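Since we're looking at a predicted model, the values are computed, not measured.
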Amino acid sequence: MSVSDFATIDPDTVSGANPCQLYNLVNGEWMLPRASTDIVDPLNGEAFIKMPNTQVDELAPFVASLKSCPKSGLHNPFKNPERYTMYGSISARMAEMLRKPEVEYFFARCIQRVCPKTLAQAKGEVTISRIFLENFSGDQVRFLARGFCVSGDYMGQRSNGLRWPFGPVCLISPFNFPLEIPILQLMGALYMGNKVTLKCASTTSMIMEQLVRMMHFCGVPKTDVDLIHCGGRVMSELIRLAEPRNTQFTGGQEVAEQLAALTHGKVRLEDAGFDWKVLGPDATLEMLEYVAWQCDQDAYAHSGQKCSAQSILFAHQNWVDLGLLRKTEELAARRNLEELSIAPILSHTTEEMIGHKDALCRIPGARLLWGGEELPSHTIPKKYGAIKPTAVFVPLHEILKPEHFGLVTTEIFGPFQVVTEYRDEDLPLVLECLERMSHHLTAAIVSNDIQFCQKVYGSTVNGTTYVGIRARTTGAPQNHWFGPAGDPRGAGIGTVEAIRLVWSCHREMIEDFGPVPDGWVLPKPT
């Protein structure tokens, strides 16, 4: 088993002079629409990928394929149950493939070509994906569908709680983790018995096409997943026509709300994160470098293009007095384009980010701490962003003013953070800020002061909250839930609980086989 068994591209040689062609997959067949569109290299602007430009009048095969799946799914506890163990075996084979150094390198380089990040960050996606697959090997897939039984009122009666698939579903994945997020959600959907239409971000869809080809090599039935390359408008029309029973979306707030309306609420969303970090009062010199390093990682790793990135830092005065901000600035200055520790920003232009910096700096008392400038000597296309790691200080009392709060808490999906300072008596103001924020994905409470931590996390709701002196905002490994809280539409990823929540529903089956009691007589009507 090797890369050559499934791959159709070479990430080290694809270029403007040697572009690669992507394909749609529908009902088990790889095919092309009438036309393709160019995807440009985010580092130099060369058109190096030809992506199918599927149009609305070409959707009929996708609609028919998704509609062919019944609401009871491809498998459930009473239908085709052997598919649970089939997917356990497939997961083992896929994990074995991803463990091979050449396969790991292949996917890491694919990631770097379309979503530039350090090799360590790219390999991290492959590693998390592999361990996830290992977690759901063997009998673990059937254990996902484990139900429960409750005794009835008399002999022959009992109630059974079952996990039931939705059947036809859609999965829409983002650009920033183009392997890890879609593979974890896709496999979770398949484990539970659903048929999936997958649409990835156009800029990075090359990666999941290669992964789906590897899935086929490892035994996934070719008709279990359809893969469509298209724009957002076309995908919306596909959802309208095919009426999937559930759609999972990871991405921006605006599109999430549009999908919620389009599907009449049949969505699971991981849609935004203006993520906060609070540094507690127990600052120590021995922890200064570590805490500063974690702040740099949370704000600027993957150039801030993480839904868990540190968007705002509430630094206790004790940490500021120790020199935390100076140390973080020094660490941020180490980042460079050559190592891709700072890289193209795929969802904002340079002008948009500098404009946001300028708007923040017009708030009374605000000032630029570091960055705020375009990267020097780069060839990044103008449609993308190229900016130095940036931090803007805004006074806490100004953040709380209604005319400033919306601007300060606007998420910039790039190497950009807001910093503020507070004292012990200001903690209620910090908690007021956290209460007024609209989305609640990740958070960090950096302190070993137990009472302080309990006060903060007892007053907040973020779905993935790290607590303790080593707390971070970033990190979505396979060993714990990652997702928002406070929204009934919220989606999780990576764990048993997440898969069961997102990709199955509860079905109660009450058995009542008798016997009818001796001496039963026809009662009066009620």
Side-chain angles (χ1 to χ4, degrees), residues 111 115-118 120-122 124-125 128 173-178 180-181 201 204 250-253 256 270-279 291-315 325 328-329 331-332 334-335 340-348 352-353 356-357 360 369-372 384-394 408-420 433-434 437-446 460 462-466 470-477 482-484 493:
I111 292 168
C115 185
K117 58 179 77 174
T118 63
Q121 288 273 323
E125 286 197 54
I128 287 172
S173 290
F175 73 86
N176 59 327
F177 286 89
E180 177 186 336
I181 290 176
T204 58
T250 304
Q253 299 175 33
E270 199 260 271
D271 61 328
F274 187 84
D275 303 306
W276 50 264
K277 177 183 285 183
V278 176
L279 304 184
V291 171
W293 168 78
Q294 191 64 69
C295 286
D296 171 72
Q297 280 291 107
D298 285 343
Y300 304 129
H302 188 12
S303 303
Q305 295 176 105
K306 298 184 179 186
C307 52
S308 57
Q310 176 181 304
S311 303
I312 187 167
L313 176 66
F314 295 88
L325 300 184
T328 307
E329 180 179 8
L331 295 173
R334 301 184 305 166
R335 298 184 173 274
L340 297 179
S341 53
I342 197 72
I345 309 307
L346 303 189
S347 59
H348 295 288
E352 287 170 346
M353 290 184 287
H356 186 69
K357 176 263 298 182
L360 288 173
L369 293 175
W370 58 79
Y384 297 137
I387 191 174
K388 294 179 179 179
T390 297
V392 176
F393 179 88
V394 181
V408 172
T409 58
T410 296
E411 182 184 14
I412 298 297
F413 211 57
F416 199 110
Q417 65 172 321
V418 172
V419 176
T420 194
C433 280
L434 307 185
M437 292 179 188
S438 61
H439 289 71
H440 312 289
L441 182 54
T442 71
I445 306 166
V446 183
T460 54
N462 295 56
T464 307
T465 303
Y466 297 85
R470 296 186 64 181
R472 55 183 178 164
T473 64
T474 57
F482 184 88
I493 190 171

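Side-chain N or O atoms of Gln305 include one that pairs as donor or acceptor with a backbone N or O of Leu346 at under 3.5 Å. Proximity of a side-chain donor or acceptor of Glu270 to a complementary backbone N or O of Gly483 within less than 3.5 Å is not detected. Side chain of Ser303 to main chain of Ala343: a donor-acceptor pair is present (N/O by atom type, distance under 3.5 Å, no hydrogens or angles). Judged purely by atom type and a 3.5 angstrom limit, His302 uses its side chain to pair as donor or acceptor with the backbone of Asn176.
Within the 4.5 Å cutoff, the side chain of Phe177 has heavy atoms near those of the Lys117 side chain. By the 4.5 Å heavy-atom criterion applied to side chains, Phe413 and Ile345 are not counted as neighbours. Side-chain contact between Thr442 and Lys306 is absent, with no heavy atoms from C-beta onward closer than 4.5 Å. Contact check for Ile445 versus Trp276: side-chain heavy atoms found under the 4.5 Å cut-off. Side-chain contact between Val419 and Leu325 is present, with heavy atoms from C-beta onward closer than 4.5 Å.
In terms of heavy atoms, Ala201 sits closest to Pro174 at CB-C, 3.8 Å. Considering all non-hydrogen atoms of both residues, Asn462 and Thr465 come closest at O-OG1, 2.9 Å. Across Val446 and Ala471, no two heavy atoms sit closer than the pair CG2-O, 3.8 Å. Minimum heavy-atom separation, Phe314 to Leu434: CE1-CD2, 3.7 Å. Summarising the geometry of Ile387 relative to Ile342, their closest heavy-atom pair is O-CG1, 3.7 Å, with the distance given to 0.1 Å. Nearest heavy-atom pair, Gly475 versus Tyr466, reported as atom, atom and distance to 0.1 Å: O-OH, 2.5 Å.
Atoms CD1 and CD, on Ile493 and Glu180 in that order, are 6.5 Å from each other to the nearest 0.5 Å. The line from OG1 of Thr473 to CD1 of Ile312 is 12.5 Å long, rounded to the nearest 0.5 Å. Rounding to the nearest 0.5 Å places CG of Leu313 at 9.0 Å from OG1 of Thr420. Between His356 atom NE2 and His348 atom NE2 the span is 8.5 Å, to the nearest 0.5 Å. From Asp275, atom CG reaches atom CZ of Arg472 across 13.0 Å, with rounding to the nearest 0.5 Å. Here the straight-line distance linking atom CZ of Phe416 with atom CE of Met353 works out to 9.0 Å at 0.5 Å rounding.
Every residue meeting the salt bridge (Lys or Arg N to Asp or Glu O under 4.0 Å) condition with Arg335, not counting sequence neighbours, appears here in chain and number order: Asp296. When the salt bridge (Lys or Arg N to Asp or Glu O under 4.0 Å) test is applied to Lys388, the partners found at least two apart in sequence or on another chain are Glu373. Evaluation of the ring pair (Phe, Tyr, Trp, His ring centres under 6.0 Å) rule for Phe482 yields no partner, not counting sequence neighbours. Residues passing the side-chain hydrogen bond (donor to acceptor under 3.5 Å, both in side chains) test with Gln417, sequence neighbours excluded: Tyr300, Gln310. Judged as a salt bridge (Lys or Arg N to Asp or Glu O under 4.0 Å), and not counting sequence neighbours, Glu329 has no contacts. Scanning for salt bridge (Lys or Arg N to Asp or Glu O under 4.0 Å) contacts around Asp298 gives Lys277, with sequence neighbours left out.
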* Residues Ser308, Thr474; criterion side-chain contact (heavy atoms from CB on, under 4.5 Å); working and verdict -> CA-CA 5 Å; Ser308 57; Thr474 57; 3.6 Å; yes
